[in-house]
Amino acid sequence: MDIRACLPRDKFDFEAVSKLNEFGNEELKGIIPELMQWLQDGNWPISKPVEDLLLRLGEDLIPHIKDVLQTQDPQWEYFILVGLIDRLPVSHLSMLQTDLVRILESPTPSEVLEELDEVIFELLEKMEVHR
């Protein structure tokens, strides 16, 4: 079965997420960008199950998370920060430190409006506690 045929079609497509859970991590790696799009709004019903699915992929998520943090879409950045990134192991968080510090020290106007600095400060504190 083609894994792309199992991608969610709407924000209520729990059946698709359930089917994707049956695939191995190697197969899931090929559709990380498509899955990340379902995290654009943490209020979407399938956002959390997709997040759970993605967390299986660990370090392979880092380049895709970095891409989201460069999108100029502060709402997507926010939901990635308070959901997926917050749930990553601290060892993975450290791989994002440069991106997090950039948003903290040189935020775009929209990142300021979305108050991403508050969320990032908590993530950086979490990293410091585990050093």
query: What pair of heavy atoms forms the shortest contact from Arg56 to Asn21, and how long is it?
result: NH1-O, 3.2 Å
statement: ring-ring contact (aromatic ring centres under 6.0 Å, His included) test vs Trp44 passes for just one of Phe12, Phe14, Trp38, namely Trp38
- request: Could you tell me whether Glu15 and Lys19 have a side-chain N and a carboxylate O separated by less than 4.0 Å?
  value: yes
task: Locate the shortest heavy-atom distance separating Met95 from Ser91; write the atom from each residue and the value.
output: CE-O, 3.8 Å
- request: Would you name the heavy atoms of Pro45 and Pro49 that are closest together and state the gap between them?
  value: O-CD, 3.5 Å
- request: Kindly indicate whether the side chain of Leu57, heavy atoms from C-beta on, has any atom under 4.5 Å from the side chain of His64.
  value: no
message: Is there a side-chain contact (heavy atoms from CB on, under 4.5 Å) between Leu81 and Asp86? Walk through the geometry before answering.
response: CA-CA 6 Å; Leu81 287 165; Asp86 189 47; over 6 Å; no
- request: Determine, step by step, whether Gln70 and Asp99 satisfy the side-chain contact (heavy atoms from CB on, under 4.5 Å) criterion, reporting the C-alpha distance in whole Å, the side-chain angles of both residues, the deciding distance to 0.1 Å, and the verdict.
  value: CA-CA 9 Å; Gln70 299 297 321; Asp99 301 276; 3.6 Å; yes
message: How close do Asp13 and Pro8 get, counting heavy atoms only, and between which atoms?
response: OD2-CA, 3.5 Å
query: By side chain to side chain contact (heavy atoms under 4.5 Å, CB included), which residues pair with Ile31, not counting sequence neighbours?
result: Ile3, Arg4, Leu7, Leu20, Leu28, Glu34, Leu35
field: CD1-CG distance between Ile46 and Asp10, expressed to the nearest 0.5 angstrom
entry: 7.0 Å
query: Between Gln97 and Leu93, is a side-chain contact (heavy atoms from CB on, under 4.5 Å) present by the stated rule, with each step listed?
result: CA-CA 7 Å; Gln97 186 167 0; Leu93 273 180; over 6 Å; no
message: Please determine whether a side-chain nitrogen of the Lys or Arg among Lys29 and Glu26 lies less than 4.0 Å from a carboxylate oxygen of the Asp or Glu.
response: yes
query: Between Asp52 and Arg87, is there a side-chain N and carboxylate O pair less than 4.0 Å apart?
result: yes
Close side-chain approach of Gln40 to Lys11, heavy-atom, < 4.5 Å: no
- prompt: Side chains of Tyr78 and Val119: does their closest heavy-atom pair fall under 4.5 Å?
  reply: yes
For the student: nearest non-hydrogen atoms of Phe79 and Asn43, plus distance: CZ-ND2, 3.9 Å
query: Do the side chains of Thr108 and Ile103 get nearer than 4.5 Å, heavy atoms only?
result: no
- prompt: Does Ile65 reach the side chain of His92, with side-chain heavy atoms less than 4.5 Å apart?
  reply: no
Between CD1 on residue Ile80 and NZ on residue Lys66, distance to nearest 0.5 Å: 14.0 Å
message: Just so I know, are the side chains of Val68 and Leu39 near enough to count as touching, which here means a heavy-atom distance under 4.5 Å?
response: no
task: Just do the side-chain hydrogen bond (donor to acceptor under 3.5 Å, both in side chains) check on Gln75 and Glu114 with the steps written out, would you?
output: CA-CA 7 Å; Gln75 289 84 18; Glu114 201 62 38; 3.2 Å; yes
query: Would Leu104 and Leu116 count as a side-chain contact (heavy atoms from CB on, under 4.5 Å) if you check the C-alpha gap in whole Å, the side-chain angles of each, and the deciding distance to 0.1 Å?
result: CA-CA 8 Å; Leu104 193 62; Leu116 298 185; over 6 Å; no
- request: Could you tell me the separation between the CG atom of Leu96 and the CG atom of Leu123, rounded to the nearest 0.5 Å?
  value: 9.0 Å
- request: Over all heavy atoms of both residues, which pair between Cys6 and Ala16 is shortest? Give the atoms and the distance, please.
  value: O-CB, 3.1 Å
- prompt: Leu113 versus Pro74: any side-chain heavy-atom pair under 4.5 Å?
  reply: no
